[in-house]
Number of protein chains: 2
Amino acid sequence: MNIHLFCVMRVRDENKIEALLAEARKMVVEEGFDGLSMQKLAKAAGVSPATIYIYFKDRDDLLIQLYKRETDRFFEYIFRDFDPEMDFATGMTVQWKSRASYVIENLDNTHFMEHFKYSHLHQKAMALRDPKYAEGLKRFVRKAIDNKELVEMPFEVYWSVAFAPLYNLVHYHKAGRNMAGDPFVLTDEMLLQTLSLVLKALKP
Amino acid sequence: MNIHLFCVMRVRDENKIEALLAEARKMVVEEGFDGLSMQKLAKAAGVSPATIYIYFKDRDDLLIQLYKRETDRFFEYIFRDFDPEMDFATGMTVQWKSRASYVIENLDNTHFMEHFKYSHLHQKAMALRDPKYAEGLKRFVRKAIDNKELVEMPFEVYWSVAFAPLYNLVHYHKAGRNMAGDPFVLTDEMLLQTLSLVLKALKP
DNA sequence: AAAATAAGTGAATGTTCATTCATTTTTAAC
DNA sequence: GTTAAAAATGAATGAACATTCACTTATTTT
């Protein structure tokens with residue numbers, strides 16, 4: 001074994017990885033998981049099919065890495081201004097508005113993340129998640145319940161009441177239609193009203 | 001043209017259609033849309049691949065027909081005991097509990113419907129929907145707002161606050177895990193609490 | 001500039017895909 | 001039991017699929 005073994009090497013091209021993942025996301029959002037083929041992806045990203053396999057073990061690995069990257073970016077953003085020690089109303093508002101602005105500004109990324117949650121790869125991908133963000137939110141909720149700022153409830157009930165309505169509205173917005181097929185555009189006013197309804201539900 | 005043209009004919013085998021759709025749903029739920037191939041489906045349903053094309057135009061048509069069948073069955077069930085003329089608290093409770101019991105008892109069907117909503121076929125499938133159910137719910141909401149039993153809000157905000165938390169909880173339940181990867185089993189108590197939180201949010 | 005090594009490739013591999021077609025089977029009316 | 005017509009089929013088709021491999025290119029240390 002040579003001491004220089006890890007020194008003589010050409011650098012990984014991060015731009016290629018970026019391009020591949022961005023194109024893959026676009027293809028999945030536009031045509032579904034069965035619309036993502038490795039040869040079409042290679043062409044769209046301007047590389048050879050073989051190059052994909054330098055950076056990713058296989059197709060599943062590429063999708064899992066993409067999901068991990070998307071969730072990392074998402075969590076980093078929404079926890080930037082959030083502190084579990086905030087009082088409940090402040091913390092909820094910060095957390096909710098961060099999520100809202102991220103998903104509105106990143107409709108494709110959000111669509112991909114939500115779509116991925118229904119795939120059989122989701123289980124495998126969850127194992128790679130950094131638990132620190134979920135832990136922070138859990139601590140925030142536990143503290144709020146202890147302080148009587150939040151009705152006592154399981155964490156999953158809290159999460160579902162607090163955030164599921166937001167993602168549902170954004171899904172309509174991305175489609176441009178509501179559940180009945182009517183045209184729909186999400187407004188700031190609707191977002192603020194939804195937040196206030198959610199707070200009303202959760203506060204004692 | 002012969003008068004017997006429409007009399008001499010072999011009957012369509014509804015069992016085959018049932019078997020095909022049931023197996024297709026199972027394959028999509030277990031392996032995703034890219035896990036559904038026509039040859040594997042034919043084998044699973046015990047027919048020849050060519051037989052599928054007697055009943056369905058192509059793969060997309062099969063998926064769209066399946067989605068239509070699932071949503072029809074779902075809406076028929078949840079509107080069975082519901083009447084738009086009910087007062088708000090009663091109507092909401094009936095509607096919510098119907099949805100809850102259907103989705104809990106039909107986890108695979110629900111998973112398929114939710115998954116399908118993120119596919120590019122969803123737009124096409126929505127055009128086939130009978131609008132009568134959505135109309136009933138809209139009338140119910142309009143009347144509740146007029147009667148001051150429900151805060152004034154867009155229909156989409158109402159729907160999202162009212163029902164999105166339920167579907168989110170059921171998604172965790174089906175996976176057996178919450179968003180953080182912890183084991184999760186949905187209980188009746190959680191369902192009832194979620195309903196009461198939602199009612200609190202919506203009532204003036 | 002030579003040597004070393006990873007990055008990158010185009011063409012090829014064998015497989016699986018959706019779909020079709022020539023043919024046979026089943027059914028129901030006569 | 002003959003006839004008509006749809007139902008059903010197995011085998012075949014060509015396209016598209018994920019992945020690999022022998023090879024070339026680029027980069028850095030020596």
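Quick note on labels: first sequence line is chain A, next is B, and so on, each numbered from 1.
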**Prompt:** What class does the angle between the rings of A/His171 and B/His122 fall in, given that below 30° is parallel, 30 to 60° is tilted and above 60° is perpendicular?
**Reply:**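 The arrangement is parallel - the two ring planes meet at less than 30°.
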Rounded to whole Å, how long is the line connecting atom [atom1] of [X] with atom [atom2] of [N]?
| X | N | atom1 | atom2 | answer |
| --- | --- | --- | --- | --- |
| B/Phe33 | D/dC17 | CZ | C1' | 20 Å |
| A/Ile52 | C/dA7 | CD1 | C1' | 15 Å |
| B/Lys16 | D/dA6 | NZ | C1' | 12 Å |
| A/Ile54 | C/dA6 | CD1 | P | 12 Å |
| B/Leu20 | D/dT9 | CG | C1' | 14 Å |
| B/Phe56 | C/dA18 | CZ | P | 15 Å |
| A/Asp34 | D/dA16 | CG | P | 15 Å |

Short N/O separations, protein against nucleotides 18-21 of chain D, under 3.5 angstrom:
from: D/dA18; atom 1: OP1; to: A/Leu36; atom 2: O; distance (Å): 3.3
from: D/dA18; atom 1: OP1; to: A/Met38; atom 2: N; distance (Å): 3.4
from: D/dA18; atom 1: OP1; to: A/Arg59; atom 2: NE; distance (Å): 3.3
from: D/dA18; atom 1: OP2; to: A/Met38; atom 2: N; distance (Å): 2.6
from: D/dA18; atom 1: N7; to: A/Gln39; atom 2: NE2; distance (Å): 3.0
from: D/dT19; atom 1: OP2; to: A/Tyr53; atom 2: OH; distance (Å): 2.7
from: D/dT19; atom 1: OP2; to: A/Arg59; atom 2: N; distance (Å): 3.0
from: D/dT19; atom 1: O5'; to: A/Tyr53; atom 2: OH; distance (Å): 3.4

**Message:** It should be established whether B/Tyr55 places a side-chain nitrogen or oxygen under 4.0 Å from OP1 or OP2 of nucleotide D/dA7.
**Reply:** no
Under 4.0 Å between a side-chain nitrogen and a carboxylate oxygen: does that hold for [X] and [Y]?
| X | Y | answer |
| --- | --- | --- |
| B/Glu152 | B/Arg142 | no |
| A/Glu114 | A/Lys117 | yes |
| A/Asp188 | A/Lys97 | no |

What side-chain donor-acceptor pairs closer than 3.5 Å can you find for residues 133-141 of chain A, not counting sequence neighbours?
from: A/Lys138; atom 1: NZ; to: B/Asp182; atom 2: OD2; distance (Å): 2.7

**Request:** Under the ring pair (Phe, Tyr, Trp, His ring centres under 6.0 Å) rule, collect the residues that match up with B/Phe112, sequence neighbours excluded.
**Result:**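 Testing B/Phe112 for ring pair (Phe, Tyr, Trp, His ring centres under 6.0 Å), a comparison that skips the adjacent residues, returns B/Phe116.
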